[in-house]
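I have placed the structure first, in the form of structure tokens, so that the comments after it can refer back to it.
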Amino acid sequence: MTEPFYGSDYQALAAFDPQIADVLLTELERLRGGLQLIASENMSSPEVLTALGSTLSNKYAEGYPGRRYYGGCAEVDKAEELAIERCKALLDADHANVQPHSGASANQAVYGAFLQPGEKILAMSLPHGGHLTHGTKVSFSGKWFDAIHYGVHPETENIDYDEVERLAKEHRPKVICAGGSAIPRLIDFERFRAIADEVGAIFWVDAAHFIGLVAGKAIPSPVPHADVVTFTTHKVLRGPRSGALVCREEHAKALDKAVFPMMQGGPQMHTIAAKAVNFKECATPEYAAYASAVIENCQALAARLQEHGIRPTTGGTDTHLTLLDLQGVGVTGADAEARCDAAGITLNKNAIPNDPQKPSIASGIRVGTPCVTTQGMGVEQMTTIADLIDEAVTAGDADPEHEVSRRVRAQVTELVEAFPAYPR
Ligand code: DSN
């Protein structure tokens, strides 16, 4: 390249705004210095980050490629067309909309396309693993729509499909939603489709958590079964922080209109370019191997934690996350999160099904392997990580100076130095 590229120039930023430059650098050091086990996070490639830090951020481009409300969109049109085509090919979908700013925005579009205020949706309850935008009272989805919630079976801790069917027949919802943020097992999309067909409902899959595993062909796809599939692009998928949706051709117009102009204004063209880069990455054999390794690692981690008496709900995992019940070791989710944090392990407290604790305390933690797998760790390292989690949770302290915090942190440092994030 002969021209200077404007963007990603850290030195220039540091000269102008040392305070923000310092935040950028210390956040990078935080990422590098500890174990990142939040199931919904990942580490995008430098190529994705370069597209994000580009002058495409400047462009207004309301509308869709070839049909914009502003001039000067020829170049950004190319980026969006590439993103759409790559997304459709990756997920074998009829239609893709790559403009949603986030998973929540993509979900809003589903409500906008298929429901009128006050109409019914059937979705998984948040305390059983659902999501805020699936009809919780604190979200637009529960304030403006009539949400009915299913949960997990008390014995299997897996989705109670009989309950889904019973509630669907009783309430006749316009939309049935599958997916959530703390579901460790595969979802039976065929069963959901059959239930939706029985009551004439739209079948929506919120695949934010697991779409990366689908893209890597590591788990079955919801796309052949669902009317619409929404997702984020920054979780296992490893793209920029954003959202997207794919749908059947018959719903393309309604969903496009619901994304813009109903729910959003100008699309973020730099992020759309970064999504295009990410979809290209996800179509490679390397990414497919990564997606399988994420699951293998998570299964190894869950199995080892179980040996320590930290129980994976549902008995294990088929995906990138395991939801762990800490009641057997007598520690709350909040305490476990704080103790791990002090020891250099970042994870989050999480409600478990039928949790006796309030959500801000919780009886569980959610642990995921997207980041550590990106760093190249394998099943051997998962055993070490499980041992470190166990030590921090059961013997540790929220004080970073506590001897257990220090001891675990030293081992974490050794591990992340052997498998660096964003190698220098
Ligand atoms: N915050 C996301 C997660 O952690 O799963 C869901 O929106």
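Positions are given from 1 along the sequence. When a ligand or atom number is given, it counts from 1 through the structure's own listing order. Heavy atoms only: backbone and side chains are in, while hydrogens, waters and symmetry mates are out.
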Relative to Y290, does R238 satisfy both conditions: NZ or CZ under 6.0 angstrom from the six-membered ring centre, and within 45 degrees of the ring's axis? yes
Heavy-atom gap H209 to ligand 1 smaller than 4.0 Å: yes
If you measure from each non-hydrogen atom of R366 to ligand 1, which part falls under 4.0 Å: side chain, backbone, both or neither? side chain
Please list, in number order, the atoms of ligand 1 under 4.0 Å from a heavy atom of [X].
X	result
H131	6 (C), 7 (O)
S40	3 (C), 4 (O), 5 (O)
S181	5 (O)

Any salt bridge linking [X] with [Y]? Criterion: basic side-chain nitrogen under 4.0 Å from a carboxylate oxygen.
X	Y	result
D162	R191	yes
D227	R193	yes
E27	R30	yes
E391	R407	yes

In the complex you have, is atom 1 (N) of ligand 1 within reach of the protein, judged by whether a heavy-atom distance drops under 4.0 Å? no
For the 3.5 Å polar cut-off, considering only N or O atoms, please tell me whether K235 and ligand 1 meet it. no
Return the CG to CZ distance between L388 and R409, rounded to the nearest 0.5 Å. 12.5 Å
